[in-house]
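Here the structure is a predicted model, which means the values were calculated and not measured.
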Amino acid sequence: MALPCQKSCSQYWDGCHKSCKKWKEFQEKQALERQKEKAFLREYRELYTQLERQWYQASYPSRIY
C-alpha cells in the first residue's frame, strides 16, 4: 500500500512515515474523523432502531413484549 504523502512530499524516503510529524498529525486527524463518523452512525442506528420498534408495536398492538 502506498502512503498518501509519498508522491506529494519532497522529504519522502522509505520508512519516514514512522517518524514524520506531518504523518502523525494526518493519522491523528484520520482517527478523529473515524471517531466522529462512528458516533454519528451509532446515534442514527439507535434512532432508527427506536423508530422501527415503535412502528412494529403500532403495526402489531396485540403482541406483548
Side-chain angles (χ1 to χ4, degrees):
M1 177 181 131
L3 299 171
C5 62
Q6 186 172 353
K7 294 180 181 177
S8 62
C9 184
S10 61
Q11 299 176 351
Y12 175 80
W13 51 273
D14 194 32
C16 67
H17 65 281
K18 295 175 183 174
S19 62
C20 179
K21 181 180 176 184
K22 288 182 182 181
W23 177 251
K24 288 181 183 183
E25 289 172 357
F26 174 77
Q27 290 291 68
E28 290 171 1
K29 182 180 174 186
Q30 291 293 96
L32 183 60
E33 290 297 318
R34 283 191 302 272
Q35 287 176 351
K36 286 180 184 178
E37 185 176 341
K38 284 180 182 181
F40 174 83
L41 292 173
R42 188 178 313 113
E43 180 182 344
Y44 277 88
R45 185 178 330 122
E46 290 172 5
L47 177 63
Y48 176 79
T49 301
Q50 181 181 13
L51 290 173
E52 187 177 36
R53 189 176 304 118
Q54 289 172 355
W55 173 84
Y56 192 79
Q57 289 174 349
S59 298
Y60 304 100
S62 63
R63 295 191 63 137
I64 299 174
Y65 297 96

Original post:
Nearest 0.5 Å, what's the CD-NZ distance between Glu28 and Lys24?
Top reply: 9.0 Å
Original post:
Of Lys36, Gln35, Arg42, which meets side chain to side chain contact (heavy atoms under 4.5 Å, CB included) against Lys38?
Top reply: Arg42
Original post:
Mind checking what makes side chain to side chain contact (heavy atoms under 4.5 Å, CB included) contact with Ser59, not counting sequence neighbours?
Top reply: Trp55
Original post:
What is the distance from atom NZ of Lys29 to atom NZ of Lys22, rounded to the nearest 0.5 Å?
Top reply: 13.5 Å
Subject >> CD (Glu25) with more than 12 external heavy atoms under 6.0 Å >> reply: yes
**OP:** Could you work out the complete set of other residues in the hydrophobic cluster of Leu32, with links drawn between I, L, V, M, F, W and Y side chains under 4.5 Å apart?
**Re:** none
Original post:
With clusters built from Ile, Leu, Val, Met, Phe, Trp and Tyr whose side-chain heavy atoms come within less than 4.5 Å, directly or transitively, what are the remaining members of the cluster of Tyr44, listed by chain and number?
Top reply: Phe40, Leu41, Leu47, Leu51
